[in-house]
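See structure below.
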Amino acid sequence: MVAAASLCVAPWQAKGQTAAATPAPAAAAAKSEVGKWLTQVDEAQQDGLRKQALKPFEDGLADLRKRYLAMLDEAIAKTSAANQLDEALLWRAERQAFDHTQNVAADDSGASAGIHALRTNFRLQLQKLDQERLAKARTLLGGYDAVLEKNQTLLTERGRLDDALLLKSKREEIAIAWLSPSPLLAAAGAGTPDTAKPATAPTASNIKSALLGAATKEDPYVNSLGMKFVPVPINRGPTAGRRVLFCVWDTRVQDFDAFAHETKRDEPKPNFEQEPTHPVVNINLDDAKGFCAWLTEQERKAGKLGLNDVYRLPNDEEWSTAVGLPPEPGSSPGERSGKNNAEFPWGHGFPPKTNEGNYRDEAWHAKNPGGPQWLKGYTDGFVNTSPVGTYPPNRFGLFDMGGNVWQWCEDWYDASHQSGIGRGGSWDTHDLDFMVSSKRNRQATAQRDATHGFRCVLAVATH
C-alpha cells in the first residue's frame with residue numbers, strides 16, 4: 001500500500017497557495033479536479049486493502065470451506081460404511097446445502113449434534129478470519145482517512161465547499177465499506193456484539209466512531225496517552241445496547257500527570273511511593289470527571305474522536321456488567337449494594353487465591369504488624385498500589401476490577417444525591433463484605449483518599 005505520507009500532493013496543497021490567491025473554479029471543473037485526484041489516490045489505497053486485508057481473508061475462507069467439505073465427505077463415508085442410512089442422508093444434505101451457499105446454515109432444532117458441532121466450529125473460524133480482516137482494514141484506514149480529512153479541511157478553508165463535501169462523502173463511504181462485518185457472518189448466524197459485528201456499525205455521520213467501533217478485545221483502541229480500550233456489551237441500565245469501550249486498567253499516574261501538568265491542577269501525592277504505571281490515587285469525583293472532560297477535548301482537537309464521542313466515568317450498571325454481575329434488583333446503587341454475596345471479581349469462593357488482585361495481604365501485614373485485620377495466608381506481593389495489569393484480566397480483558405483502587409462511577413449512591421460510589425475494593429480491602437462485586441462503597445464526592453482512583457470509559461456515538 002502507498003503510505004499516507006507519500007500520497008500524491010493535491011493541486012490545492014501547492015506550496016504558497018492561499019485562499020485569497022486561488023480563484024474559485026467553475027463547479028464542474030472543481031469536481032473534475034477533485035474527482036481525478038480522488039480516483040488516483042483511491043486506486044492505490046484500494047489495492048493496498050485488497051492485498052493486505054481482503055486477499056488473506058479470501059484465502060483463509062477458501063481453505064476453511066475446503067476443510068469443511070472434507071469433514072462432511074468423511075462423515076458421509078463413515079456413516080455409510082456403518083450402515084447408518086439416516087445419519088448418512090443428513091450429512092449428505094448438509095454437503096449439498098453447503099455446496100449451494102458456500103456457507104453453513106443458521107442452526108435449527110433439526111440439526112444433529114455432529115452437524116451442530118461442525119457448524120459451530122466453522123462460525124468460530126469465520127469470525128476469527130473476519131476479525132483479522134477488520135483489524136488490518138482499520139490500520140490501513142487510519143492513514144488514508146487522515147489524508148482525506150486534511151484535504152477536506154484545506155478545501156473548506158478555501159471556500160470550496162462542494163469539493164470538501166465530496167471528500168467528506170467519500171470518507172463516510174470508505175469507512176462503511178472497509179469496516180463493516182462480512183455478510184457471511186449474519187448468514188451463518190454468527191452475529192455477536194463483540195466479534196461478528198460492532199455494537200455500533202459504521203455510520204455516515206461519524207468516521208471516528210466507525211474506527212472506534214472496530215475495536216475488539218484482541219485489537220483494542222489505543223488513545224493518545226497509550227490507554228487501551230475494549231468493548232463491553234452493555235445489556236442493562238440507561239445505556240443498554242450502546243457502544244461502550246472500557247479502559248483495560250485504572251487511570252495511571254502517568255495519565256493523570258499529563259492532565260495535571262497542562263491544567264495546572266494540584267495533584268496530592270500519597271504517603272507511599274508510586275511508579276508511573278501505578279493507578280493514580282487521592283482522586284475525588286471532580287478530579288476524575290475533570291480528567292475525562294480534558295481528555296475528550298484533547299482528542300477531539302487531535303481528530304481522534306468524533307464530536308459526539310466522549311470519555312467519562314462508567315455508570316453503575318455498566319460497571320456491574322464489566323465485572324460480570326448478573327442483573328441485580330434495586331432502583332439505585334445503594335439498593336443494589338451487597339445483595340449478591342456470591343460473586344467476586346475473580347469468580348466464586350472466598351478468600352481469593354494467591355495473586356487474584358491487590359488487597360490487604362501478608363505483605364501489608366509484614367509492613368504493619370500492629371495493624372488491624374488482613375487476608376491471612378493471601379499474597380499479592382504489594383503493600384500498597386501495584387502496577388496496572390499485574391494480575392489476570394477478566395473475560396472482557398479488564399484488569400483490576402477487584403482491588404488496587406476503588407473506582408469512581410457516575411451515579412449517586414441514592415436519591416438524596418449526597419454521596420457518590422466507588423466499586424471494586426482497593427489495596428486496603430480485606431473484608432468479604434467489601435470484596436464482593438456487588439458492593440457499592442458510599443463516598444463523599446469531595447473526598448480524596450489513597451485508596452480512591454478511577455477508570456475511564458469511552459462512549460461511542462451511534463449517529
Less than 4.5 Å apart, any side-chain heavy atom of [X] and any of [Y]?
{"X": "Tyr144", "Y": "Leu140", "value": "no"}
{"X": "Lys439", "Y": "Asp433", "value": "no"}
{"X": "Val230", "Y": "Leu398", "value": "yes"}
{"X": "Glu273", "Y": "His278", "value": "no"}
{"X": "Arg171", "Y": "Ile174", "value": "no"}
{"X": "Asp257", "Y": "Pro276", "value": "no"}
{"X": "Leu124", "Y": "Lys128", "value": "no"}
{"X": "Leu49", "Y": "Leu54", "value": "yes"}

Report the relative orientation of the aromatic rings in [X] and [Y]; use parallel for angles under 30°, tilted for 30 to 60°, perpendicular for over 60°.
{"X": "Phe256", "Y": "Phe259", "result": "perpendicular"}
{"X": "Tyr68", "Y": "Phe98", "result": "tilted"}
{"X": "His365", "Y": "Trp374", "result": "parallel"}
{"X": "Trp249", "Y": "Phe399", "result": "tilted"}

Pairs satisfying ring pair (Phe, Tyr, Trp, His ring centres under 6.0 Å), at least one member in residues 419-446, at least two apart: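 Qualifying pairs, neighbours excluded: Phe272-Trp427.
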For the backbone of [Y] and the side chain of [X], can you confirm whether one donor and one acceptor N or O come within less than 3.5 Å of each other?
{"X": "Asp219", "Y": "Thr216", "result": "no"}
{"X": "Arg300", "Y": "Leu307", "result": "yes"}
{"X": "Arg336", "Y": "Ser438", "result": "no"}
{"X": "Lys217", "Y": "Arg395", "result": "yes"}
{"X": "Arg455", "Y": "Trp319", "result": "no"}
{"X": "Arg252", "Y": "Pro387", "result": "no"}
{"X": "Arg138", "Y": "Trp178", "result": "no"}
{"X": "Asp145", "Y": "Leu141", "result": "no"}
{"X": "Thr79", "Y": "Ile76", "result": "yes"}
{"X": "Gln373", "Y": "Asp431", "result": "no"}

[X], [atom1] atom: more than 12 neighbouring heavy atoms under 6.0 Å:
{"X": "His100", "atom1": "NE2", "answer": "no"}
{"X": "Lys376", "atom1": "NZ", "answer": "yes"}
{"X": "Glu74", "atom1": "CD", "answer": "no"}

Can you tell me which residue pairs pass the salt bridge (charged side-chain N to carboxylate O under 4.0 Å, His left out) test with a partner in residues 337-361, sequence neighbours excluded?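 Those involving residues 337-361 are Arg360-Asp428.
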As an exercise, state the distance from [atom1] of [X] to [atom2] of [Y], rounded to the nearest 0.5 Å.
{"X": "Asp449", "Y": "Ser426", "atom1": "CG", "atom2": "OG", "value": "8.0 Å"}
{"X": "Phe57", "Y": "Gln131", "atom1": "CZ", "atom2": "CD", "value": "11.5 Å"}
{"X": "Glu410", "Y": "Asp316", "atom1": "CD", "atom2": "CG", "value": "11.0 Å"}
{"X": "Leu295", "Y": "Ser224", "atom1": "CG", "atom2": "OG", "value": "5.5 Å"}
{"X": "Arg133", "Y": "Leu61", "atom1": "CZ", "atom2": "CG", "value": "11.0 Å"}
{"X": "Phe350", "Y": "Tyr378", "atom1": "CZ", "atom2": "OH", "value": "10.5 Å"}

If you take all heavy atoms of [X] and [Y], which pair is closest and at what distance?
{"X": "Ile283", "Y": "Trp408", "value": "O-NE1, 2.8 Å"}
{"X": "Thr385", "Y": "Asn404", "value": "CA-OD1, 3.5 Å"}
{"X": "Pro314", "Y": "Glu318", "value": "CA-OE1, 3.4 Å"}
{"X": "Thr429", "Y": "Tyr359", "value": "O-CB, 3.3 Å"}
{"X": "Ala215", "Y": "Leu245", "value": "CB-CD1, 4.3 Å"}
{"X": "Gly381", "Y": "Ala363", "value": "C-CB, 4.4 Å"}

Between [Y] and [X], does any NZ, NE, NH1 or NH2 come within less than 4.0 Å of an OD or OE carboxylate oxygen?
{"X": "Glu267", "Y": "Arg265", "result": "no"}
{"X": "Lys170", "Y": "Glu173", "result": "yes"}
{"X": "Glu94", "Y": "Arg119", "result": "yes"}
{"X": "Glu172", "Y": "Lys168", "result": "yes"}
{"X": "Arg448", "Y": "Asp287", "result": "yes"}

Chi angles and distances behind the side chain to side chain contact (heavy atoms under 4.5 Å, CB included) call for Asn282, Lys269: CA-CA 7 Å; Asn282 281 337; Lys269 299 294 184 181; 5.6 Å; no
Run the numbers on Leu64 and Leu126 for side chain to side chain contact (heavy atoms under 4.5 Å, CB included), then give the verdict. CA-CA 8 Å; Leu64 177 60; Leu126 180 59; 4.3 Å; yes
As a quick check of understanding, evaluate salt bridge (charged side-chain N to carboxylate O under 4.0 Å, His left out) for Lys136 and Glu132, giving each step before the final call. CA-CA 6 Å; Lys136 291 175 183 176; Glu132 292 170 352; 5.8 Å; no
Between Asp414 and Ser416, do the side chains contain a donor N or O and an acceptor N or O under 3.5 Å apart?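 Distance-only check passes for Ser416 and Asp414.
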Quick one: do the Ser320 and Arg423 side chains pair a donor with an acceptor below 3.5 Å?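 Side-chain D/A pair, Ser320 to Arg423: present.
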With side chain to side chain contact (heavy atoms under 4.5 Å, CB included) as the test, would you mind laying out the steps for Leu432 and Phe344 before giving the verdict? CA-CA 9 Å; Leu432 179 150; Phe344 297 87; 4.0 Å; yes
Quick one: list whatever passes ring pair (Phe, Tyr, Trp, His ring centres under 6.0 Å) with Tyr311, sequence neighbours left out.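 Expected list: Phe229.
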Derivation of the side chain to side chain contact (heavy atoms under 4.5 Å, CB included) call for Ile234 and Arg242: CA-CA 7 Å; Ile234 307 302; Arg242 298 183 188 174; over 6 Å; no
